[in-house]
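Let me begin by presenting the structure, written as structure tokens, before commenting on it.
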Amino acid sequence: AFGRVGTQVLTNPQNAIDQTVTIAAGSASGLAADDVVVAPNGALVGTIDKVWSHVARVVLLTDEESSVTATDLTSPSAVGEVHVGSGSDSELVFDRVPKSEYVGVGDTIITSGNLGKGSLPSMYPRGVLVGTVTSESDTDVNPFKTIQVQPAVNFSSLQTVIVLVPPR
């Protein structure tokens with residue numbers, strides 16, 4: 001079971017390239033690099049990448065280096081990877097989902113957690129809300145579906161977050 005540390009966001013992203021926030025908790029509160037950060041609604045914000053005594057830096061899911069193994073709550077066998085799209089909008093892409101899997105507009109996307117033996121292991125616990133499917137399509141040339149996801153977090157106006165602290 002994860003401990004929970006609620007804290008304030010001190011700084012929001014400074015520009016479109018900077019996809020990090022600084023939070024008002026650090027190692028003194030038991031935080032460490034790779035801890036998972038969620039919004040008050042339980043939706044995925046990102047992970048901690050640097051920790052000091054009383055502050056930490058969180059890399060947002062909207063950072064181009066970030067991704068999370070996820071699944072469709074309605075179709076648990078539809079497993080793929082969520083990351084930011086190549087466009088400039090804030091939409092996320094649910095990638096690497098085989099065409100044979102059903103994913104519908106309006107479906108809820110959650111973290112799939114570490115299945116241990118899966119091909120896409122994860123440091124995220126299972127069941128953290130990621131977002132909602134806004135579009136889904138197939139093409140002849142791509143073996144995977146094209147799925148857009150609206151994140152369940154407004155990354156530009158985060159004020160408080162909760163850090164999920166695993167037992168250490």
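- A donor-acceptor contact shorter than 3.5 Å is absent between the side chain of Ser75 and the backbone of Val103.
- Side chains of Thr62 and Gln19: a donor on one and an acceptor on the other come within 3.5 Å.
- Here CZ of Phe94 is found 9.5 Å from CG of Asp107. Values are rounded to the nearest 0.5 Å.
- For Pro125 against Val36, the heavy-atom pair with the smallest separation is CD-CG2, 4.0 Å.
- Note that OG of Ser67 and CG of Leu92 are 11.0 Å apart. Values are rounded to the nearest 0.5 Å.
- In this structure, a donor-acceptor pair under 3.5 Å is absent between the side chains of Ser112 and Thr71.
- Electrostatic pairing of Asp138 and Lys145 counts as a salt bridge here, judged by a charged N lying under 4.0 Å from a carboxylate O.
- A single hydrophobic cluster is seen to contain both Leu164 and Leu158, as judged by linkage of ILVMFWY side chains at heavy-atom distances under 4.5 Å, directly or through other members.
- Checked by atom type, the side-chain pair Ser157/Asn154 shows a donor-acceptor distance below 3.5 Å.
- Here the side chain of Thr111 pairs a donor or acceptor atom with the backbone of Gly127 at under 3.5 angstrom.
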_Walk me through whether Leu60 and Val153 qualify under side chain to side chain contact (heavy atoms under 4.5 Å, CB included)._
CA-CA 10 Å; Leu60 303 177; Val153 170; over 6 Å; no

*How far apart are the C-alpha atoms of Leu31 and Val165, what are their side-chain angles, what is the distance that settles it, and do they pass the side chain to side chain contact (heavy atoms under 4.5 Å, CB included) test?*
CA-CA 7 Å; Leu31 307 189; Val165 181; 3.7 Å; yes

*asked:* Between Glu91 and Thr134, does the side chain to side chain donor-acceptor pair (under 3.5 Å) criterion hold? Intermediate values first, please.
replied: CA-CA 9 Å; Glu91 289 247 313; Thr134 55; 3.1 Å; yes

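- Within the 4.5 Å cutoff, the side chain of Thr69 has heavy atoms near those of the Val79 side chain.
- Between Asp140 atom CG and Lys99 atom NZ the span is 6.0 Å, to the nearest 0.5 Å.
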*What's the verdict on side chain to side chain contact (heavy atoms under 4.5 Å, CB included) for Ile109 and Val82, showing C-alpha distance, side-chain angles and the deciding distance?*
CA-CA 9 Å; Ile109 304 302; Val82 173; 4.0 Å; yes

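- For the pair Trp52 and His54, the minimum side-chain heavy-atom distance is 4.5 Å or more.
- Nearest heavy-atom pair, Glu64 versus Val84, reported as atom, atom and distance to 0.1 Å: CA-CG1, 3.8 Å.
- Following chains of ILVMFWY side-chain contacts shorter than 4.5 Å, one cannot reach Phe144 starting from Val105, and the two form parts of different hydrophobic clusters.
- Looking at Asn41, its side chain does come within 3.5 Å of a backbone N or O of Ala152 through a donor-acceptor pair.
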*Take Asp95 and His83, measure what side chain to side chain contact (heavy atoms under 4.5 Å, CB included) needs, and give me the verdict at the end.*
CA-CA 8 Å; Asp95 208 0; His83 56 84; 3.1 Å; yes

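- The side-chain contact (heavy atoms from CB on, under 4.5 Å) test with Leu10 is passed by exactly one of Ile23, Val55, Val21: Val55.
- Residues Phe155 and Ile48 are members of one and the same hydrophobic cluster, defined by side-chain heavy-atom contacts under 4.5 angstrom among Ile, Leu, Val, Met, Phe, Trp and Tyr.
- Minimum interatomic distance between Val9 and Asn12 (heavy atoms only, all atoms of both residues): CG1-OD1, 4.0 Å.
- Cluster annotation: Val97 is not connected to Tyr102 through the hydrophobic network of ILVMFWY side chains, with a link wherever side-chain heavy atoms come within less than 4.5 Å.
- Side-chain atoms of Glu101 and Ser77 form a donor-acceptor pair, as typed in the model, at a separation below 3.5 Å.
- Thr7 places a side-chain N or O within 3.5 Å of a backbone atom of Ala24 that can act as its donor or acceptor partner.
- A donor-acceptor pair under 3.5 Å links the side-chain atoms of Asp35 to the main chain of Ala32, judged by distance alone.
- One distance of note links CG of Asp72 with CD of Glu136; it measures 10.0 Å at 0.5 Å rounding.
- Taken together through direct or relayed side-chain contacts under 4.5 Å among Ile, Leu, Val, Met, Phe, Trp and Tyr, Val149 and Val45 form part of one hydrophobic cluster.
- The side-chain heavy atoms of Thr108 and Leu129, taken from C-beta on, include a pair separated by under 4.5 Å.
- When each of Val5, Val37, Val38 is paired with Ile162, the side-chain contact (heavy atoms from CB on, under 4.5 Å) condition holds for Val38 and for no other.
- Inter-residue side-chain proximity for Leu61 and Val130 is flagged as met; some heavy-atom pair is nearer than 4.5 Å.
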